[in-house]
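Below: one structure, written as structure tokens.
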Amino acid sequence: MPELPEVEVVRLGLAPAVTTATVASVTIFDSRSLRRHDGPAEDFVDRLVGRTMLAPQRRGKFLWIPLSPVPPSPSPPLSPPPLSLAASHGIRPVTTTEIQEFRDSATVFPGQSLSDADGVPEFPEGKRGGGPDTAVPVEALTVHLGMSGQVLLRDRSVDDARTRIRIDIVHPALGLRRLNFVDQRIFGSMALDVLVSPVNGSGPTIPSRVAHIARDPLDEFFDDRAFLTKLAAKRTTIKRAILDQTLISGIGNIYADEALWAARIHYNQPTATLGRARGLRLLREVRAVLVRALGEGGTSFDTQYLNVNGQSGYFARSLNAYGQQGKPCPRCGQPIVRESFMNRGSHLCTFCQRIR
DNA sequence: CTTTCGCCCTGAGTGC
DNA sequence: TGCACTCAGGGCGAAA
């Protein structure tokens with residue numbers, strides 16, 4: 001189940017391969033994976049082909065790849081990647097002819113003029129129209145992995161089962177690569193979205209569909225005090241609150257249970273009576289578990305979560321509560337129990353974690 | 001406005 | 001062996 005650490009592992013894996021790469025062709029195998037795209041599948045393909053990708057970004061469980069403001073015109077020179085670079089990545093060098101054939105196989109549309117696009121917000125500080133050197137991206141390819149989504153980075157011509165969307169790219173150094181968006185249950189999605197200024201006005205731009213999501217606890221601009229204040233004002237229980245992505249993002253069922261266990265807090269503890277000290281303790285444990293999981297490459301129970309190279313993470317062996325029902329609590333030895341809550345499982349030690 | 005509910009979706013697992 | 005059924009849960013629109 002991809003939560004913040006798993007999505008960050010994917011982002012880190014994608015970064016070197018997609019940054020500065022140009023989209024050569026896009027194939028939609030299942031348009032349900034474009035449910036959150038504002039337009040038909042053809043629109044998604046037409047607007048994406050020919051664009052150059054910039055460094056991938058993340059907030060919570062959302063991942064996005066900003067796109068160069070306008071499709072490069074004319075196309076960048078067709079120079080094969082340096083042999084040494086390609087070889088060091090285990091990639092067969094490609095020829096100029098192959099790259100041209102690859103591009104010709106896709107229908108490249110000129111892309112919309114920015115000034116014609118409806119609903120594209122004005123950028124602050126007048127950065128738009130300042131020439132190629134000062135242009136800022138206004139659009140991004142937004143990705144959410146849902147429950148079973150994967151972005152697999154493959155060599156050319158490699159297919160994966162249950163691929164819903166295939167994006168073939170040309171990287172100036174790495175050559176032809178393929179992004180397979182694989183998603184068994186189709187809870188995830190890809191979409192093209194406009195980038196807007198964040199709600200509080202500071203920091204980099206963010207896709208409009210992600211703008212309502214709160215900053216995640218690993219975000220340098222996350223405001224601990226404001227979070228604790230909002231938490232105290234809630235009329236709900238603590239696990240509901242930390243799963244609420246508009247309050248704090250990136251936490252899913254696994255890391256919610258793990259952080260609550262570490263902080264010795266019961267999932268049904270009312271937020272109004274949690275108190276600031278225990279709220280801060282929980283926030284610290286949330287950060288600790290997210291960072292530890294990130295260091296282990298995320299949590300994989302099966303092949304539902306894999307990094308961009310199709311490899312599992314190792315944090316599952318470090319879980320103290322989630323999925324540990326029947327096993328002794330690592331702290332007190334009492335059995336971990338699984339209770340149904342919010343139509344999902346909550347795993348806890350009823351001895352260590354009590355409502356106070 | 002805030003909070004909760006129900007739907008989306010597939011394949012592995014379970015019981016008869 | 002076969003088949004119906006249950007379960008997993010993030011996000012989002014609708015309902016309360």
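It should be emphasised that the depicted structure is a prediction, and the values quoted were computed from it without experimental measurement. Excluded from the calculations below are hydrogen atoms, water molecules and symmetry mates; all remaining heavy atoms, backbone and side chain alike, are included. Below, read A as the first sequence line, B as the second, and so on, with proteins coming before strands; counting in each chain starts at 1.
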field: A:Asn253, nearest nucleotide to its side chain (from C:dG10, C:dG11, B:dT10)
entry: C:dG10
Nearest-angstrom distance from the residue atom [atom1] of [X] to [atom2] of [N]:
X	N	atom1	atom2	value
A:Ile242	C:dG11	CD1	P	14 Å
A:Asp30	B:dG11	CG	C1'	15 Å
A:Ile251	C:dG10	CD1	P	11 Å
A:Leu247	C:dG11	CG	P	14 Å
A:Glu3	C:dA8	CD	P	15 Å
A:Leu243	B:dT2	CG	P	19 Å
A:Leu34	C:dG11	CG	P	18 Å
A:Met147	B:dA12	CE	P	15 Å

field: Aromatic plane relationship, A:His37 with A:Phe44 - under 30° parallel, 30 to 60° tilted, over 60° perpendicular
entry: perpendicular
Has [X] got a side-chain N or O lying under 4.0 Å from the OP1 or OP2 atom of [N]?
X	N	result
A:Arg344	C:dG10	yes
A:His212	C:dC12	yes
A:Gln245	C:dG10	no
A:His144	C:dG10	no

A:Phe29 CZ: over 12 foreign heavy atoms closer than 6.0 Å: yes
- request: Classify every nucleotide of nucleotides 3-9 of chain B by which part a protein heavy atom approaches to under 4.0 Å, writing B for the base, S for the sugar-phosphate alone and - for neither, in 5'-to-3' order.
  value: SSS--BB
- request: Hey, which sits more toward the 5' end of DNA chain C by its nearest nucleotide, A:Ile213 or A:Arg338?
  value: A:Arg338
message: On DNA chain C, does the nearest nucleotide to A:Phe62 precede the nearest nucleotide to A:Tyr322 from the 5' side, or the other way round? Give the residue.
response: A:Tyr322
query: Is A:Arg287 paired with A:Asp224 through a side-chain N to carboxylate O contact shorter than 4.0 Å?
result: yes
query: Would A:Glu296 and A:Arg292 pass as an ion pair if we require N to O under 4.0 Å?
result: no
message: Between A:Thr299 and A:Tyr314, do the side chains contain a donor N or O and an acceptor N or O under 3.5 Å apart?
response: no
message: Less than 3.5 Å apart, any donor N or O on the side chain of A:Ser197 or A:Thr205 sitting next to an acceptor on the other?
response: no
task: Quick one: label A:Gly345 by what it contacts on the DNA or RNA (base, sugar-phosphate, nothing), any heavy atom closer than 4.0 Å.
output: sugar-phosphate
- request: List the atom of A:Thr246, the atom of A:Asp244, and the distance in Å for their closest heavy-atom pair.
  value: OG1-OD1, 2.7 Å
